[in-house]
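Only a predicted model underlies this, so the values are computations on that prediction, with no experimental measurement involved. Residues take their numbers from the sequence shown, with the count starting at 1. Counting starts at 1 for both ligands and their atoms, following the listed order.
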Amino acid sequence: MLEMQSPPGPQTVFNGKSYLYFGGTSYLGLAGRAEVIEAGCAALRQYGVHSATSRSRFGSSPPLLEVEAKAAQFFGAEAAFYFGSGYMTNHILVAALGEGVEAVLVEKSSHYCVLEAARLLDVPLVLFDCRIEGDLEKCLGSYRRVLVMADAVGPSSGKIAPIGEFLCVLKHLDQATLLLDDAHGFGVLGGDGRGMLDEFGLWPKVNGGEGADGVRLVVGGTLSKALGGFGGIIPGTSRFVTQVREASNYFDGASAPGAAVAGSSAKALEIVLAEPGLRERLGENVRLVKDGLRALGLQVPDGKCANFGVSIGGVSNMQRLHAELLERGILLPYVGAYSGIPAEGVLRFAVFANHSQTQLKRLLSEIKTVL
Ligand SMILES: Cc1ncc(COP(=O)(O)O)c(C=O)c1O
């Protein structure tokens, strides 16, 4: 078992040894950045571990409000709701989206938290497969008022949801909401880094906006992946964010997020806002790695996602590749089982904005050697 013994970053210490690291999620390279760590320490010293009360009582301390203000600024939204875990994002959102819904349809490869959240609604749950043409339409049957849920970006596959196809089907219904978990798109995709729907030019229409083709668009995510902080985030119009807070018991029933993670999250967002070059650098790094892998004859998902999975010849071969790279000082995880990946698993790549070109080229040349 490898034990992480330093902050995550291009070089990360496991079991006493520093590895060139391509795992996890800190895509913009902020989780280990000195200012982000220092801001967390300062908030911890000033406000204690946490406010020891819920947000709805007296728990809305300055670092939490700062996270929400900075997140709203980053997403170009009127407001944002910040809470303790990205895993809870869909659980919180569905509480506000269930009214009048006859059925919830969930893309079958969605993250565990999407499937769990869908079960909270007391209506039939139908799984559909977005890789099968026409499956969403078929699964809709005679339902006319639905909630459809999916990952915007597969966590280990890096595959992008076919949003255009979803909208094409859903626009014919009486009432449809498309809820996307954009944990891995926030901070990476789109002209302003606002995620998958920004990439598709739909950003202003989400979370209280006008929707698209008569379909209500809802998206949530996390600060714990690209954005270098920690905790769930739901940006939107003030009205939408208030509705979401009030519909869920989370605001009232959970301790407010810890001061240290809030202080770090606020600082990370400040850096993301001040340094758009980070995202450009990430884009260049992703391109370099994907092009390099394709040049080795490997099949790599299209798109700009910083996380993606590659299948290379079955379980034992991928375990061998992982082990041989490890011996060469490179940690590229083999993920054997996770939502949305084939049964044999994948080698899961995570590219960071602060990987140097030299480090990326070393990864490619070592893969070429061990293939
Ligand atoms: C698609 C997706 N949603 C939600 C989460 C949970 O987010 P967090 O790790 O911030 O709790 C993950 C984590 O891997 C994820 O991949």
For ligand 1, list every N/O pair with the protein closer than 3.5 Å, one pair per line with the distance.
from: ligand 1; atom 1: 3 (N); to: D181; atom 2: OD1; distance (Å): 3.4
from: ligand 1; atom 1: 3 (N); to: D181; atom 2: OD2; distance (Å): 2.7
from: ligand 1; atom 1: 9 (O); to: K225; atom 2: NZ; distance (Å): 3.0
from: ligand 1; atom 1: 10 (O); to: T222; atom 2: OG1; distance (Å): 2.6
from: ligand 1; atom 1: 10 (O); to: S224; atom 2: OG; distance (Å): 3.0
from: ligand 1; atom 1: 11 (O); to: G86; atom 2: N; distance (Å): 3.2
from: ligand 1; atom 1: 11 (O); to: Y87; atom 2: N; distance (Å): 2.9
from: ligand 1; atom 1: 14 (O); to: K225; atom 2: NZ; distance (Å): 2.9
from: ligand 1; atom 1: 14 (O); to: Y338; atom 2: OH; distance (Å): 3.4
from: ligand 1; atom 1: 16 (O); to: H184; atom 2: NE2; distance (Å): 2.7

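Residue L269 is tested with V36, I233, L30, L223 for a side-chain contact (heavy atoms from CB on, under 4.5 Å); the sole match is L223.
Salt bridge annotation for R131-E165: absent, with no cationic side-chain nitrogen under 4.0 angstrom from a carboxylate oxygen. For the pair K159 and D302, the salt-bridge criterion is not met [side-chain N within less than 4.0 Å of a carboxylate O].
Partners of E137 by salt bridge (Lys or Arg N to Asp or Glu O under 4.0 Å), not counting sequence neighbours: none found.
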Take F22 and F352 through the test ring pair (Phe, Tyr, Trp, His ring centres under 6.0 Å) and record every step on the way to the result.
-> CA-CA 8 Å; F22 294 93; F352 306 152; 7.2 Å; no

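Side-chain polar atoms of H355 and Y21 form no donor-acceptor pair below 3.5 angstrom.
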